Protein chains: 2
Amino acid sequence: MKKNKLESKLSAHSPTYQPLYKQVEEYVTQLIIEQRWKPGDMLPNEFQLAKEFNVSQGTVRKALNALTDAQILNRKQGIGTFVSEHTDQQALYRFFPLVADNKKPQLPMSETISRQLILATKNIAKNLQLKENEEVIVLSRLRKIDDEPCILEDIYLPKKYFNKLMEEPEIPHTLYHFYQTHYHLTVQDITDQVKAVLATSSDAQRLGINVGDPMLSFTRLARSLNDKLIEYRITRCRSDKYHYLVNLS
Amino acid sequence: MKKNKLESKLSAHSPTYQPLYKQVEEYVTQLIIEQRWKPGDMLPNEFQLAKEFNVSQGTVRKALNALTDAQILNRKQGIGTFVSEHTDQQALYRFFPLVADNKKPQLPMSETISRQLILATKNIAKNLQLKENEEVIVLSRLRKIDDEPCILEDIYLPKKYFNKLMEEPEIPHTLYHFYQTHYHLTVQDITDQVKAVLATSSDAQRLGINVGDPMLSFTRLARSLNDKLIEYRITRCRSDKYHYLVNLS
DNA sequence: TAGTGGTCTAGACCACATT
DNA sequence: ATGTGGTCTAGACCACTAC
């Protein structure tokens, strides 16, 4: 009897049983993590994958469609199946929730104000699940929408995942695409905790608002495809003309 | 040649072409709206539906699974397919984003402070897509987590969808379940716009905080299964111990 | 034991895009 | 003309639940 490359179908009662299409999903994800296919690459067609994995084409299809729903792949009729890239458009709709009141969503420009190498404080270590005193890179950015400064960001990155970041000549403003192309880290899952705070004198000075004005502040944790915590970010945004937009459906 | 009850397969080039499984999805949704099946009811099994719609069982399955992903149905192996109900648990995870810092999500108690019938202001009319001066019911609620007052809500409901609401002896604290059971309106889609504001003297008094403290304020628009705007809500929450939690994945 | 949804396969045909 | 994903069908078998 022929044996699957993936776990045999007969193991249905083992405690780690996964349906074949789930196994295909995980295996394809693993291959992407290991860079057999990189963002933008086209996968082999369904029949080729089916042959490689020793499953039927329908099972491959179910797996690829699930990965498409998870935005890990995208498929185009008549063309092929591709590993998703974090383009500007995607980043905007998927990960950037701040919108000017009564306007369409728009991706702001970013200016990196400072770049430092520090040792993780207790708080940073806890959030990024690092040991205290592990090395962390801190980026401070000022972001502008329609040329108006409106957002301040402090971004904490584990040095171990971003080895050469301190030596980069320049940091582009679409960070998640940068993580993907330069560090093989694809942001897959984000949690934001939104709070209201009062503008400090430093906020006020940099954004041209008044001390004590209400501001939105959110702390973000981002996980990569391989489920590692790769970014801890604190964003502060003036709240007079901007809001944080959420759709629950 | 046999003809489908649903649009014929042969109309593939008509401008309104929908694949069969999409048509099944929409038809089943319509039947739920028309109350052939109510929240909690079990649907016929896949083969019975397939026979009724003159499609194959696999096509019905694809449609029912899509509706399950959209949380309109839920399916249990060995039992059946059911129309979703807005239970407390569901409401909490799906629609209630406010969480006490460092705690698990928890559904707050609600006390209805006032109930009024008013004419829509320009702002309310715009948000609920009503004509100005259409009748609107306003509920004001105070919500408590762990017995601590923390949230104030003003809820605007078009009178035309909530006819007898002013006569209800009591308004329960799980509103979305109440809409579903008493007014056949299932909340399906929500948009929240989150802002930071300063506590007014009224906020401060009712929540036991200080005037000028930062607060989270979000305005919510809710659409029902049949895509009507049914609720406009303004929520204000003290931000010292609570945050608005979002997961983007 | 009967009935439900879940998995897996196989194959025909369609729609779209490129060459 | 060729190759891709999308739709639709048919049927076998498995797993879970209730009676």
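Predicted, not measured: the structure shown is a model, and the values here were computed from it. Within every chain, numbering begins at 1; the chains are lettered A, B, ... in the order of the sequence lines, protein sequences first and strands thereafter.
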Requested in this report: Take the protein atom CD of B/Glu25 and the nucleotide atom P of D/dT7, then report the distance between them rounded to whole Å.
Outcome: 11 Å
Query raised in the report: OP1 or OP2 of D/dT4 less than 4.0 angstrom from a side-chain nitrogen or oxygen of A/Thr81, does that happen here?
Result: no
Requested in this report: Verify whether one side chain among B/Glu26 and B/Gln18 offers a donor that lies under 3.5 Å from an acceptor in the other.
Outcome: yes
Query raised in the report: In whole angstrom, what separates B/Leu20's CG from D/dT9's C1'?
Result: 11 Å
**Report entry** Spacing of B/Gln77 atom CD relative to C/dG5 atom P, expressed in whole Å
**Finding:** 10 Å
Report task. Pick base, sugar-phosphate or nothing for B/Gln57, based on heavy-atom distances below 4.0 Å to the nucleic acid. Result -> nothing
Query raised in the report: When only distance counts, do a donor and an acceptor, one from the side chain of B/Arg75 and one from the base of C/dG6, lie under 3.5 Å apart?
Result: no
Query raised in the report: Got a sec, which pairs hit ring-ring contact (aromatic ring centres under 6.0 Å, His included) with one end in residues 57-88 of chain B, sequence neighbours left out?
Result: B/His86-B/Phe95
**Report entry** Whether A/Ser84 side chain and A/Gln71 backbone form a donor-acceptor pair below 3.5 Å
**Finding:** yes
**Report entry** Selected nucleotide, minimal atom distance to A/Gln48 side chain, candidates D/dT4, C/dC8, D/dT9
**Finding:** D/dT4
Query raised in the report: What is the distance, rounded to the nearest whole Å, between atom NZ of A/Lys76 and atom C1' of C/dT18?
Result: 14 Å
Query raised in the report: For the pair made of CD in A/Gln18 and P in C/dC8, what is the distance, rounded to whole Å?
Result: 10 Å
Report task. Would you check if there is a donor-acceptor pair between the side chains of A/Gln180 and A/Thr186 at a distance under 3.5 Å? Result -> yes
Report task. Nearest whole angstrom, please: distance from the P of D/dT4 to the CG of A/Asn65. Result -> 16 Å
Query raised in the report: Between B/Ile79 and A/Gly78, who's closer to the 5' end of DNA chain D by nearest nucleotide?
Result: A/Gly78
Query - B/Ser56, nearest nucleotide to its side chain (from C/dC8, D/dC8, D/dG5) - result: D/dC8
Requested in this report: Report yes if the distance between the aromatic ring centroids of B/Phe218 and A/Tyr244 is under 6.0 Å, otherwise no.
Outcome: no
**Report entry** Atom pair distance, as rounded to whole Å: CE in A/Met42 and P in D/dT4
**Finding:** 7 Å
Report task. Starting at atom NZ of B/Lys62, determine the distance to atom C1' of D/dA10, rounded to an integer number of angstrom. Result -> 16 Å
